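The basis for the numbers below is simple: all heavy atoms, side chains too, and nothing from hydrogens, waters or symmetry mates. Quick note: residue numbers are just sequence positions, from 1. Both ligands and their constituent atoms are indexed starting at 1 by order of listing. Given the structure is predicted, the values throughout are model-derived calculations rather than measurements.
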Amino acid sequence: MKEITVIGGGTMGNGITHCFAQKGFKVNLVDLSSEILNAAKKNISNNLDRMIKKEIITSKQKVQILSLISFHTQMSSCVKNSDLVIEAVTETETVKMKIFQELDQLCKKSTILASNTSSISIEKIGKSTNRKDKVIGMHFMNPVPIMKLVEVIKSNSTSTETYEKIMSLSQDLGKIPVLVNDAPGFVANRILLPMINEAIHTLTDNVSGVKEIDTVMILGMSHPMGPLQLADFIGLDVCLSILNVLYDGFKNEKYKPNTILEKMVTAGELGVKTKIGFYDYSLGIKEKTINNRFL
Ligand SMILES: NC(=O)c1ccc[n+]([C@@H]2O[C@H](COP(=O)([O-])OP(=O)(O)OC[C@H]3O[C@@H](n4cnc5c(N)ncnc54)[C@H](O)[C@@H]3O)[C@@H](O)[C@H]2O)c1
C-alpha cells in the first residue's frame, strides 16, 4: 500500500493522517470544511514540532512528512488511486453508510475501505457497498500519534486476506493491532464508556465533584487521566453516540446515557474541541477550571 485517503479531519482524522505520512505514505485528507482542514494542518505541524523538540524527528523530516499530505474538500477528487481509505467522520450510522456507498463507486476494485468507528457494526457499514469482504474496522486510539493500540474489527463478511493486510499494515505503522469481532462498542468502548457514564452518574448523584472524581481514579486506580477529563478529550458528542449504540445494541438500561451528557451535547459543550466540557479550557488545557453550568 502506498496511497491512503482519510475521510474526516477532526480529532482522529488528523492524527491518522500524521501517522501514515510519518511512515512515508502519500495521504489525502478530506473534510467538508476547509476551516477544519486548516486546523488539521496546523495541528499536525504543531505535533511534528513537538517531535522535533523531543529529537524524534528532524526539521528536514517534518518538511518531507508535510509534503506527503494533501487536503481536499471532496473525496471524488482524490480517492481514485488510494489503496486504502480510512473513514473517520462523525459517529453517525447514516452518515458513514452514505460515505461507504459513495466510496464503493469512486474507488478502484482492490481498495480496502476501513472505518475508525468507535461502536457501529462493520457488517452493517459493509452492506452499503458491493465489497463487504474489503470492509474492516481500524479503531485507532486518541491521540493517534502516541497511542499504540489499533482494534482491528473483522465482520463475518471481512475476508481473511483483508484483515491480514490490515494487521500487517498496522504493524508497519508502529502500532500494535488486536483483532476483535464485530459487536457494539467492540472491546475498548464496551468497557470504557460505561465507566465514563458511571462517573457522570456519580457526579449528578452529588457523590463528589468533577476534580474529586477524576482524582480518585487517577490516584486510586493509576489511570493516567480521570474519566470526566477523558470524556472531554474523546468529545462528549462521540461519548453520547457510542453510549446510544451500546444502549440500542444490547437493549440494557446500564448503557443509557446520563441526561447531563445529553444536555451538554445539545448545548454544544463537547469538551476540548469546543474548549468547554466538564472542564473549561478557554485559558488552555493546563489552566483548566471546572464547568459547573449543568450541575
Ligand atoms: N474522539 C476520540 O477519542 C475517538 C477515538 C477513537 C475513534 N473515534 C471515532 O472516530 C470518528 C471521528 O471522531 P472524531 O472524534 O475525530 O470526530 P470529530 O467531530 O472531531 O471530527 C469529525 C469530522 O468529520 C467531518 N465530516 C462529517 N461528515 C463528513 C463527510 N461527509 N465528509 C467528510 N468529512 C465529514 C466533520 O467536518 C469533522 O471535522 C468517529 O467515528 C469516532 O467514534 C473517536
Peer 1: Under 4.0 Å from any heavy atom of Lys273, which atoms of ligand 1 are there?
Peer 2: 18 (P), 19 (O), 20 (O)

Peer 1: Which of the listed options, Ile16, Asp31, Ile242, holds the heavy atom that is closest to atom 23 (C) of ligand 1?
Peer 2: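 The residue whose heavy atom sits nearest atom 23 (C) of ligand 1 is Asp31.
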
Peer 1: Indicate whether the side chain of Asn28 and that of Ser70 have a donor and an acceptor atom separated by less than 3.5 Å.
Peer 2: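 Yes.
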
Peer 1: Against heavy atoms of Ser118, which atoms of ligand 1 measure under 4.0 Å?
Peer 2: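 The list of qualifying atoms is 6 (C), 7 (C), 8 (N), 9 (C), 42 (C), 43 (O), 44 (C).
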
Peer 1: Is it true that Lys273 and Asp237 make a salt bridge, defined as a side-chain N closer than 4.0 Å to a carboxylate O?
Peer 2: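 So Lys273 pairs with Asp237 through a salt bridge.
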
Peer 1: Can you tell me which portion of Val238 lies within the under-4.0 Å heavy-atom range of ligand 1? Options are side chain, backbone, both, or neither.
Peer 2: side chain

Peer 1: Side chains of Asn14 and Asn43: is there a donor and an acceptor less than 3.5 Å apart?
Peer 2: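 Note: Asn14 and Asn43 side chains meet the donor-acceptor criterion.
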
Peer 1: With heavy atoms under 4.0 Å as the rule, classify the contact between Ser33 and ligand 1 as side chain, backbone, both or neither.
Peer 2: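 The answer is neither; Ser33 stays 4.0 Å or more away.
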
Peer 1: Can a cation-pi geometry be assigned to Lys288 and Tyr279, taking NZ or CZ under 6.0 Å from the six-membered ring centre and within 45° of the ring axis?
Peer 2: yes

Peer 1: Lys134 and Ser110: side-chain donor and acceptor closer than 3.5 Å?
Peer 2: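 Result is no, nothing qualifies.
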
Peer 1: When you measure from atom 1 (N) of ligand 1 to each heavy atom in Thr11, Ile234, Ile7, which option holds the nearest one?
Peer 2: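 It is Ile234 whose heavy atom sits nearest to atom 1 (N) of ligand 1.
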
Peer 1: Give the atoms of ligand 1, by number and element, whose distance to some non-hydrogen atom of His139 is under 4.0 Å.
Peer 2: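 Going through ligand 1 atom by atom, the ones under 4.0 Å from His139 are 6 (C), 7 (C).
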
Peer 1: Can you tell which of Ile36, Val245, Thr117, Thr90 gets a heavy atom nearest to atom 22 (C) of ligand 1?
Peer 2: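 Comparing heavy atoms across Ile36, Val245, Thr117, Thr90, the nearest one to atom 22 (C) of ligand 1 lies in Thr90.
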
Peer 1: Provide, to 0.1 Å, the distance between atom 41 (O) of ligand 1 and the closest protein heavy atom, together with that atom's residue and name.
Peer 2: Glu91 OE1, 2.5 Å

Peer 1: Once you restrict to heavy atoms under 4.0 Å, what part of Met141 touches ligand 1? Side chain, backbone, both or neither.
Peer 2: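 Neither part.
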
Peer 1: Atom 16 (O) of ligand 1: which protein heavy atom is closest, and how many Å away?
Peer 2: Met12 N, 2.8 Å

Peer 1: Between Ser128 and Gln101, do the side chains contain a donor N or O and an acceptor N or O under 3.5 Å apart?
Peer 2: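 Side-chain D/A pair, Gln101 to Ser128: absent.
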
Peer 1: With a 4.0 Å cut-off on N to O distance, would you call Asp104 and Arg131 a salt bridge?
Peer 2: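 Looking at Asp104 and Arg131, the cut-off is met.
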
Peer 1: Is Glu87 close to ligand 1, meaning an N/O of one under 3.5 Å from an N/O of the other?
Peer 2: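 No; every N/O pair is 3.5 Å or more apart.
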
Peer 1: Atom 29 (C) of ligand 1: which of Asn116, Leu32, Ile86 has the nearest heavy atom?
Peer 2: Leu32

Peer 1: Without hydrogens or angle criteria, can the side chains of Tyr247 and Glu253 be said to hold a donor-acceptor pair below 3.5 Å?
Peer 2: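 Judged by distance alone, the side chains do pair up.
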
Peer 1: If we ignore angles and hydrogens, is there a donor and acceptor under 3.5 Å between the side chains of Ser155 and Glu123?
Peer 2: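 Present: a donor and an acceptor within the cut-off.
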
Peer 1: Below 4.0 Å, non-hydrogen atoms only: which portion of Met75 touches ligand 1? Side chain, backbone, both or neither.
Peer 2: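 For Met75, there is no contact with ligand 1 at all, from either part.
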
Peer 1: Would you mind finding which of Val272, Ile99, Ile120 brings a heavy atom closest to atom 31 (N) of ligand 1?
Peer 2: Ile99

Peer 1: Tell me which protein heavy atom sits closest to atom 21 (O) of ligand 1, plus the residue, atom name and distance to 0.1 Å.
Peer 2: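 That would be Gly10 CA, 3.4 Å.
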
Peer 1: At what distance is the nearest protein heavy atom to atom 24 (O) of ligand 1, and which residue and atom is it?
Peer 2: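 Nearest protein contact, heavy atoms only, for atom 24 (O) of ligand 1 is Val89 CA, 3.5 Å.
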
Peer 1: Ligand 1 versus Lys96, non-hydrogen atoms closer than 4.0 Å: side chain, backbone, both, neither?
Peer 2: side chain

Peer 1: If I take atom CG from residue Leu240 and atom CD1 from residue Ile196, how far apart are they, to the nearest 0.5 angstrom?
Peer 2: 12.0 Å

Peer 1: Before you tell me yes or no, could you show the steps for Phe25 and Phe20 under ring pair (Phe, Tyr, Trp, His ring centres under 6.0 Å), namely the whole-Å CA-CA distance, both residues' side-chain angles and the distance that decides it to 0.1 Å?
Peer 2: CA-CA 5 Å; Phe25 292 88; Phe20 275 97; 5.2 Å; yes

